Amino acid sequence: MYQGKRIARDFFTRDVLDVAPDLIGKNLTITGNDGFPVRFPLTEVEAYRGHEDKACHASKGKTARTSVMFGEGGHLYVYLIYGMYWMLNIVTGPEGNPQAVLIRGVTGISGPGKVTKRLSIDRSYYGEDLVISSRIWLEDAGINPVYKTGPRIGIDYAGEYWKSVPWRFYI
DNA sequence: TCAGTGATTAGG
DNA sequence: CTAATCACTGAG
């Protein structure tokens with residue numbers, strides 16, 4: 001099987017609208033309890049982009065929770081929602097430009113809360129650097145799947161315009 | 001359609 | 001300190 005190689009910093013420091021579609025088909029790779037890497041091809045993601053995007057948590061300014069989004073791309077933004085589900089995001093863009101991509105699905109697992117449950121992602125992954133971490137990283141699988149686009153899910157509070165932009169990318 | 005569940009946030 | 005909010009899920 002083609003395992004690919006770890007994706008480096010410059011992939012993540014581009015604009016979120018360039019990174020998000022490029023993530024489709026990449027392997028989210030995480031070391032299991034036995035120490036061996038397990039690969040999960042990304043199938044569904046959403047882009048959240050900067051101060052003006054009313055759906056982006058960073059649009060209300062920098063807080064303790066969102067601070068990692070203001071840093072360099074390649075780090076993980078992980079937070080708890082509805083008291084039960086961890087949301088996994090990959091920060092993108094250069095430092096000072098708050099953006100992130102929500103991981104909504106991988107092959108065989110549909111739904112952001114289910115993905116983190118299956119991969120055992122929790123608070124301890126907040127700020128983890130995919131470029132250097134020994135327990136989670138991203139690999140190029142050497143494929144570029146055809147993908148679809150559509151509006152983002154679960155952001156009714158963001159207003160009609162930001163609710164409608166097609167920043168969800170999925171197979 | 002709707003309850004569960006608790007961290008995070010703004011405001012007093 | 002209080003209270004509202006929430007990038008979800010599964011049951012009915």
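Quick caveat: nothing in here was measured; it's all calculated off a predicted structure. Every chain is numbered from 1, with letters handed out A, B, ... down the list of sequences.
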Which heavy atom in Y48(A) sits nearest to a heavy atom in L102(A), and how many Å separate them?
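The pair with the smallest heavy-atom distance is CE1-CB, 4.0 Å.
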
Across the strands shown, which category fits [X] at heavy-atom distances under 4.0 angstrom: base, sugar-phosphate, nothing?
X	answer
L102(A)	base
R123(A)	sugar-phosphate
M84(A)	base

5'-most contact on DNA chain B: R65(A) or Y82(A), nearest heavy atom basis?
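Per heavy-atom nearest nucleotide, the more 5' residue is Y82(A).
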
Taking 5' to 3' order, which nucleotide of DNA chain C is first and which is last to have an atom within less than 4.0 Å of a heavy atom in chain A?
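Taking any atom under 4.0 Å from a heavy atom of chain A, the span is dC6(C) to dG10(C).
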
Rounded distance in Å - [atom1] ([X]) to [atom2] ([N]):
X	N	atom1	atom2	answer
H57(A)	dT9(B)	NE2	P	10 Å
K62(A)	dT9(B)	NZ	P	13 Å
W86(A)	dG6(B)	CH2	P	12 Å
I81(A)	dA3(B)	CD1	P	18 Å

Is there a donor-acceptor contact under 3.5 Å linking the side chains of S124(A) and D122(A)?
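Judged by distance alone, the side chains do pair up.
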
Does the R49(A) side chain pair with the main chain of P98(A), one donor and one acceptor, at a distance under 3.5 Å?
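No; judged by distance alone, with no hydrogens or angles, the pair does not exist.
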
With no hydrogens and no angle check, is any side-chain donor or acceptor of T116(A) less than 3.5 Å from a backbone partner on W86(A)?
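Here the side-chain-to-backbone pair exists.
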
Give a yes or no on whether a salt bridge exists between R104(A) and E46(A), defined as a side-chain N under 4.0 angstrom from a carboxylate O.
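Here R104(A) pairs with E46(A) in a salt bridge, since their nearest N and O are under 4.0 Å apart.
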
Worked check of side chain to side chain contact (heavy atoms under 4.5 Å, CB included) between F40(A) and L119(A):
CA-CA 9 Å; F40(A) 297 92; L119(A) 306 200; 3.2 Å; yes

Which pairs would a plain distance check flag for residues 64-77 of chain A, meaning a side-chain donor or acceptor within less than 3.5 Å of a matching protein atom at least two apart in sequence or in another chain?
from   : atom 1 : to      : atom 2 : distance (Å)
T66(A) : OG1    : T63(A)  : N      : 3.0
T66(A) : OG1    : T63(A)  : OG1    : 3.2
S67(A) : OG     : A64(A)  : O      : 3.2
S67(A) : OG     : Y126(A) : OH     : 3.4
H75(A) : ND1    : G127(A) : O      : 3.1
Y77(A) : OH     : H57(A)  : ND1    : 2.7

Can the positive tip of R14(A) be found less than 6.0 Å from the middle of the six-membered ring of F11(A), inside 45° of the ring normal?
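Because its charged atom sits under 6.0 Å from the ring centre and within 45° of the axis, R14(A) does stack over F11(A).
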
Each stem that DNA chain B is part of, given as range with range (3 or more consecutive Watson-Crick or G-U pairs, under 3.5 Å):
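DNA chain B stems, ordered by first number: B:1-4 with C:8-11, B:6-11 with C:1-6.
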
Side chains of K26(A) and I7(A): does their closest heavy-atom pair fall under 4.5 Å?
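Touching, per the 4.5 Å side-chain cut-off.
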
